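One structure is given below, encoded as C-alpha cells.
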Amino acid sequence: MTRDAEFRRRILDLVARIPRGRVMTYGQLALLAGQPGAARQAGYVMNSLQGGDHGLPWQRVVNAQGRISTTKIGLGDLQLALLIHDGVDFDSSGRLNLSERQWWPEEAQEGGTPTLF
DNA sequence: CGCCTGACAGACA
DNA sequence: ATGTCTGCCAGGC
C-alpha cells in the first residue's frame with residue numbers, strides 16, 4: 001500500500017472516532033497519522049471528502065486556531081451549523097475553545113509519545 | 001520538467 | 001492582531 005493511501009486511511013480512521021461535541025485539528029491528525037508537520041496534507045485528504053458522505057463526522061476537524069477552514073470551498077456555513085448542532089459554541093469572532101474541545105484518542109493521552117501508529 | 005495553488009501550522013516581525 | 005515566510009506535498013496546467 002502506498003504511503004499516501006495509508007496516511008489517508010489513518011486520517012479517516014481518526015476522524016471517524018471524534019466524539020460529538022469535540023474536535024481535532026489538521027496538524028493533530030497528521031501527527032497522529034505518523035506524519036508530523038504534514039497538516040496541509042491532512043487538509044488535502046479532508047478536501048477529497050467534499051463534505052457529507054462516507055458517514056464521517058468531517059465537521060469535527062478545524063484548524064489550529066479553532067476556526068473553520070471550509071469557508072474557502074463553500075462549506076463553512078454547513079460546518080458551523082453541524083458543529084453548533086453537536087453542541088459546540090463559538091465566540092463572536094467565530095472561534096471555538098480548543099483547550100476544552102480538542103479531543104485526543106486514549107492511546108495518545110496516556111503514552112508520552114504522541115504518534116499513534 | 002517547472003510553477004502555482006491549496007479544508008494547514010509554526011515562527012517571527 | 002496582521003502579515004510574511006517556510007515546510008509540507010498532491011494535483012492541475
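Any value given below was found using the heavy atoms of this structure, including those in side chains, with hydrogens, waters and symmetry copies removed. All chains are named by letter (A, B, ...) in the order of the sequence lines, taking the proteins before the strands, and each is independently numbered beginning at 1. None of these values were measured; they are calculated from a predicted model.
Listed nucleotides: B/dC8, B/dA7, C/dC9. Nearest to the side chain of A/A39: B/dC8. Counting only heavy atoms from C-beta on, A/R40 has its side chain closest to C/dG7 among C/dG7, B/dA7, B/dG10. Checking B/dG6, B/dA7, B/dA9 against the side-chain heavy atoms of A/T70 singles out B/dA7 as nearest. Set against B/dA7, B/dA9, B/dG6, the side chain of A/Q79 has B/dA7 as its closest nucleotide.
A/N63 comes within 4.0 angstrom of sugar-phosphate atoms only, judged by non-hydrogen atoms across all strands, and of no base. When heavy atoms are screened at a 4.0 angstrom cut-off, A/A38 is found touching no nucleic acid atom at all. As judged by a 4.0 angstrom heavy-atom cut-off over every strand, A/T71 is placed among residues making no nucleic acid contact.
Nucleotides C/dC13 and B/dA7 place their P atoms 15 Å apart, quoted to the nearest Å.
Rounded to a whole Å, the CG atom of A/N47 is 16 Å from the C1' atom of C/dC8. The interatomic distance linking A/Q102 (CD) with B/dA9 (C1') rounds to 13 Å, in whole Å. Straight-line distance from the CZ atom of A/R95 to the C1' atom of C/dA1: 10 Å, rounded to whole Å. One can place CG of A/L31 at 18 Å from P of B/dC8, the figure rounded to the nearest angstrom. Across the protein-nucleic acid pair, A/I11 atom CD1 and B/dA7 atom C1' stand 12 Å apart, rounded to whole Å. Going from atom CD of A/Q65 over to atom C1' of C/dT2 covers 11 Å, rounded to whole Å. B/dA9 atom P lies 12 Å from atom CD of A/Q41, rounded to whole Å. Here the P atom of nucleotide B/dA7 and the CZ atom of A/R60 are 22 Å apart, to the nearest Å.
Between A/R67 and A/F90, every side-chain heavy-atom pair lies at or beyond the 4.5 Å cut-off.
Under the Watson-Crick or G-U wobble criterion, with both distances below 3.5 Å, B/dA7 has no partner in any strand shown.
Side-chain polar atoms of A/Q28 and A/Q102 form a donor-acceptor pair below 3.5 angstrom.
Taking 4.0 angstrom as the limit, A/K72 places a side-chain polar atom (N or O) nearer than this to OP1 or OP2 of B/dC8.
A/D89 has a carboxylate O that lies under 4.0 Å from a charged side-chain N of A/R101, or vice versa, which qualifies the two as a salt bridge. In this structure, A/R17 does not pair ionically with A/D13, as no charged nitrogen and carboxylate oxygen lie closer than 4.0 Å.
In this structure, A/P36 and A/L31 approach most closely via the heavy-atom pair CB-CD1, 3.7 Å.
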